[in-house]
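Below: the structure, in structure tokens.
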2 protein chains.
Amino acid sequence: MLRMTKQADYGIVLMTRMAGEAGRQFTAGELAEETQLPAPTVSKILKILTRQELLDSHRGVKGGYSLARDTAAITMAEIIGALDGPIAITECIDDSPGECVQEPSCAVRANWQRINDAIRLALENVTLAEMVHPLPQRLVTLGGRPSPIAADRLAAGAAGAEALR
Amino acid sequence: MLRMTKQADYGIVLMTRMAGEAGRQFTAGELAEETQLPAPTVSKILKILTRQELLDSHRGVKGGYSLARDTAAITMAEIIGALDGPIAITECIDDSPGECVQEPSCAVRANWQRINDAIRLALENVTLAEMVHPLPQRLVTLGGRPSPIAADRLAAGAAGAEALR
DNA sequence: CGTAAATAGGACCACAGCGGTCCCCTTTCC
DNA sequence: GGAAAGGGGACCGCTGTGGTCCTATTTACG
């Protein structure tokens, strides 16, 4: 598992669709039809994204939604965070004053922080712009060997995203 | 959110505890008491981990569980995968022959694959051994500047884990 | 050889949270 | 002033998770 919710999934689909024609304004119904997602749900998601300041909304007739920022300035982490709450694999991270079981697990906490950071980072380093224009292949084939290629891809992904901004 | 289940969380706590005295054998009750986790649940998790060949079990009196491999050869990804199923943020990854909404979202799929890979990688690059002996600080402070530090940390984390093996 | 201590394997249940719908209000254009 | 849009909730079914319990089966030991 280790899933994000469908809301976040849908949110990314919607944002990506909007990023395809950045600057333009879309109505909820329009987006629902184009993405084939249930209209009420689309509307709900757009409202949340607006409240989180990822979208601008215009009420009234001829109203609709548009991206609040440049496509390169909106990351997956933000969208997921807006719809699914803080990005953290474990629960005992945020605060939890209580006695988190015992020492062994708490000795573990520092490591979880690292893991959470790594994941948040991976998500922060993918922008909406990249979702529309997939990264070139070179980022995937930068490495060479079968195992270390992974590390290379990770670094390359981050660096690549950085370069795109 | 973006959470993993408590099962996986508990599983890591248990495995980490066992890694503290590698080679030794623990009974389910013993581990439950030491970690302050509910005994039946601990038992359930240990069974699953055994079935996934992360633990060896010995039945009968004087029985118990012990790590199936060296602590450096067991990764977070394996433990989580064993308890929570395949590690993938999105659902439409595995197979799903159906029509995954439309083109826009499917154009997105390649990028999701990258993100999933990055996360899986982050999890694969943390071994049980590291959970017991936290990594030195240098891995966190390798970078320098506020923003690019992130990319450096990511790469450093992966590389560091690699080096530990 | 029998008993106790351990794992193996399920069946089972309660409940939170997610996915999804619907309704009513407000805003704005024509 | 009416129609078309978003704003803000209330609401509800259902899946899956967290957790318990029961019944084999295995094995050490007296």
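Every chain is numbered from 1 and lettered A, B, ... according to where its sequence line falls, protein lines coming before strand lines.
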Atom NZ of B:K47 and atom P of C:dA11 are separated, to the nearest Å, by 12 Å

Using the closest heavy atom to pick a nucleotide of DNA chain C for each, name whichever of A:P38 or A:H58 lands nearer the 5' end. A:P38

To the nearest angstrom, the CD-C1' distance between B:Q52 and C:dG9 comes to 15 Å

Could you check whether A:G29 gets within reach of a base, just the sugar-phosphate, or nothing at all, counting any heavy atom under 4.0 Å? nothing

Could you give the NZ-to-C1' distance, from A:K62 to D:dA4, as a whole number of Å? 10 Å

Whole-Å gap separating P (D:dG6) and CD1 (A:I45): 14 Å

Less than 3.5 Å apart, any donor N or O on the side chain of B:D84 or B:T5 sitting next to an acceptor on the other? yes

Is it the case that C:dG19 (base atoms only) and A:K6 (side chain only) share a donor and an acceptor within less than 3.5 Å, ignoring hydrogens and angles? no

Is there side-chain contact between B:N125 and B:T75, with at least one heavy-atom pair below 4.5 Å? no

Could you tell me the separation between the CD1 atom of A:I48 and the C1' atom of C:dC18, rounded to a whole number of Å? 12 Å

Below 4.0 angstrom from OP1 or OP2 of C:dA8, is there any side-chain N or O of B:S57? yes

Of B:G60 and A:A39, the one whose closest DNA chain C nucleotide lies more 5': B:G60

Is the count of non-hydrogen atoms from other residues, nucleotides or ligands lying under 6.0 Å from B:E53 atom CD greater than 12? no

Interatomic distance where OH belongs to A:Y65 and C1' belongs to D:dA4 [whole Å]: 13 Å

Determine whether a donor-acceptor pair (one donor, one acceptor, N or O, separation below 3.5 Å) exists between the side chain of A:R59 and the base of C:dT28. no

Salt-bridge contact B:K6-B:D9 (side-chain N to carboxylate O under 4.0 Å): no

Interatomic distance where CD belongs to A:Q7 and P belongs to C:dG17 [whole Å]: 14 Å

Starting from the 5' end of DNA chain D, give me the residue, A:R51 or A:G63, whose nearest nucleotide shows up first. A:G63

Does B:Y10 place a side-chain N or O at less than 4.0 Å from the phosphate oxygens OP1/OP2 of D:dG19? yes

If every non-hydrogen atom of B:A39 is compared with every non-hydrogen atom of B:A32, which pair is closest and at what distance? CA-CB, 3.7 Å

Whole-Å distance separating the CG atom of A:L49 from the P atom of D:dG8: 13 Å

For A:T50 and for A:K44, find the nucleotide of DNA chain D with the closest heavy atom, then tell me which residue's nucleotide is more 5'. A:T50

